[in-house]
Amino acid sequence: MTNLQSLITNLPGRLGEPVEFRGEVTVMVDRAKILDACRYLKEQCGFDMLTDIAGVDNYGEDPRYAVVYHVYSLPHRCMVRLKVAVPEDDMVVDSVVSVWRTADWHEREAFDMFGIRFRNHPNLKRILMWDGYPYHPLRKDFPLAGMETELPETAVGAGRVEAAPMLGGPFVTTPGAGTAARREPRQADTSAERADKKGAS
Amino acid sequence: MELIDSAARAQQALEGELGGERMILNMGPSHPSTHGVLRIVLELDGEEIVNAWPDIGYLHRGDEKIAENMTYTQFIPYTDRLDYLAPLANNVAYAYAVEKLCGIDVPPRCKYIRVICTELARISSHLLGIGCFGMDVGAMTVFLYTFKEREKIYDLAECISGARFTTSYTRIGGLANDMPPEFLPMLRKFLNELPATIDEVDKLLTRNKIFVERCRGIGVISKEDAIDLGLTGPNLRGSGVEWDIRKAHPYGGYENFQFDVPVGTAGDCYDRYLCRMEEMRQSIRILQQAADQMPDGPWNAPEAKIVLPEKKAVLTKMEELIHHFINVTQGINAPPGEVYFSAENPKGELGFYIVSKGGGAPHRLKIRSPSFVNLQAIPVMAKGHLVSDMVAILASLDFVMGECDR
């Protein structure tokens with residue numbers, strides 16, 4: 001682990017001291033230097049495997065978004081976490097596909113779910129949602145129930161995607177949001193539309 | 001119009017004059033060999049695959065969004081539906097991830113029961129993977145043999161958790177209930193019967209000329225490519241990389257068990273098949289050790305503010321009732337911080353990245369699913385092979401769309 005300490009000290013674009021929590025090391029990296037940092041880790045330090053890339057939306061904070069890289073070294077059997085802050089007004093990060101090919105789909109997912117764009121990505125398009133979907137659903141300001149959307153023409157016909165009928169979904173718990181009885185969805189969902197549906201069926 | 005005869009036409013094709021005419025073929029999302037809803041767009045030159053683009057997302061349910069809106073305990077049933085061929089293993093991996101965040105350790109008995117769960121799930125998943133592999137390349141019988149054994153694993157899951165399929169067996173800091181007394185004899189009986197079936201599958205497939213010719217040298221992925229593409233599990237080990245999280249970073253008491261990690265050499269469909277066969281045998285070894293050394297004692301961690309108390313205590317004691325009430329209505333008060341926990345699941349590395357800002361619900365829960373990453377290797381594996389080889393490649397990758405699309 002002392003080796004890890006020294007190589008992190010030399011990491012290009014490192015911001016601040018590494019944070020250790022539950023035996024895992026997290027390093028903040030300058031957004032402009034993330035590609036250099038990844039290259040350095042792979043080529044100089046033997047971090048040959050990219051385990052995961054995750055987008056995070058810290059809604060209400062500035063900068064709002066973050067991209068988190070979990071980088072693993074097979075020869076040294078250790079993991080390091082790199083974190084890049086992404087401001088809302090310039091949501092672009094350099095793609096690391098040129099370093100690890102596996103980053104391709106992970107970055108597409110982060111783009112799909114959060115709208116973070118990756119510069120020089122070979123094929124940056126949606127991966128889980130369909131092409132042309134207008135929202136980025138893992139953003140905190142996107143409701144759990146979903147949003148009404150046009151569904152493109154498919155083999156089974158076009159249509160609309162409706163928001164989930166349970167007004168925010170079953171068993172939703174937000175810390176400090178009141179008692180369970182108040183959150184009980186059947187309690188909340190007394191809209192006329194639902195009553196009509198019940199009457200019709 | 002001049003019509004050329006077939007001999008001249010064949011000659012032209014050989015000389016490459018007809019080459020280069022490409023066809024786009026759509027495979028899936030509903031195709032028997034895509035095991036779920038995977039769509040692959042193939043670019044073909046004759047019958048040869050020039051390029052392949054996997055298209056995923058048909059089973060996307062927004063599990064990560066759902067996780068942000070409920071307590072840690074409430075998300076356990078959703079983990080059943082990730083890799084739905086090994087729900088017990090997902091339950092265990094998720095429980096360890098949240099326990100890592102909370103900084104608690106579970107008692108030895110709990111660890112051993114969890115090891116049994118994970119290894120049963122591994123056998124179940126590999127049995128299905130190999131059965132379907134055989135069926136996809138034309139060996140129908142194997143499927144029937146492996147499914148007979150899987151049925152017994154469902155019986156075991158029912159015995160221990162009460163549910164055959166959607167087990168939701170683990171809790172944060174423990175288990176839903178202790179192992180019932182009749183479970184171990186049942187497990188031992190199963191362990192006595194299983195090797196015969198594995199041997200039978202071995203006889204049906206491993207030296208079967210048709211099977212070997214459909215697999216050997218097909219879908220080869222080199223060691224370097226496999227690492228670069230982030231493959232994990234038997235798909236990585238088939239390419240000759242000895243990396244198993246149970247050995248590299250032992251969790252949940254795996255350091256107490258004797259087992260070997262099978263590694264392939266060629267990285268083709270056949271090696272991936274062989275790795276899975278041997279992994280089942282090693283899982284039997286682990287299960288036997290776990291059954292023999294099963295420790296007594298509590299099966300839940302003592303942290304009352306995190307672990308759900310026993311039902312009997314909730315109904316008779318005041319303090320337990322309060323803990324139960326707080327745990328259920330507000331969720332466990334997890335410390336702020338971020339952790340990544342990964343477990344060696346049947347399909348590869350299943351990781352949970354949890355960002356907590358305190359409180360009962362995760363701020364962000366990212367699921368690093370092995371199938372998602374493994375499917376990315378399809379274009380590399382398929383290039384230059386025939387369309388019919390695609391079926392063998394898909395079967396040897398052994399993916400589950402529930403986990404890939406989340």
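Chain A is the first sequence line, chain B the second, and so forth, proteins listed ahead of strands; every chain is numbered from 1. What you are looking at is a predicted structure, and each value in this text was computed from that prediction instead of being measured.
A salt bridge does not link B:E99 to A:R22: none of the charged side-chain nitrogens sits closer than 4.0 Å to a carboxylate oxygen. Here A:R101 does not pair with B:E224 in a salt bridge; the nearest charged N to carboxylate O distance is not below 4.0 Å. A salt bridge is defined here as a Lys NZ or Arg NE, NH1 or NH2 lying under 4.0 Å from an Asp or Glu carboxylate O, and B:R364 with A:D57 fails to meet this definition.
With hydrogens and angles left out, the side-chain atoms of A:N58 and B:H363 include a donor and acceptor closer than 3.5 Å.
No side-chain donor-acceptor contact under 3.5 Å links B:K366 to the backbone of A:G55. Side-chain atoms of A:R77 never come within 3.5 Å of backbone atoms of B:H249 as a donor-acceptor pair (strictly under, hydrogens ignored). Counting only distance, with no hydrogens or angles, the side chain of B:E64 and the backbone of A:L138 share no donor-acceptor pair below 3.5 Å.
Below 30°, between 30° and 60°, or above 60°: for B:F372 and A:H106 the angle between ring planes is between 30° and 60°, a tilted geometry.
In summary, the aromatic rings of A:W130 and B:Y58 are positioned with their centroids too far apart to meet the 6.0 Å limit.
Applying the salt bridge (Lys or Arg N to Asp or Glu O under 4.0 Å) criterion to B:K223, with sequence neighbours excluded, gives no partner residue.
In the displayed structure, B:K247 atom NZ is contacted under 6.0 Å by more than 12 heavy atoms of other residues, nucleotides or ligands.
Note on B:E349, B:K100, B:E242: by heavy-atom pairs under 4.5 Å with chain A, the leading option is B:K100.
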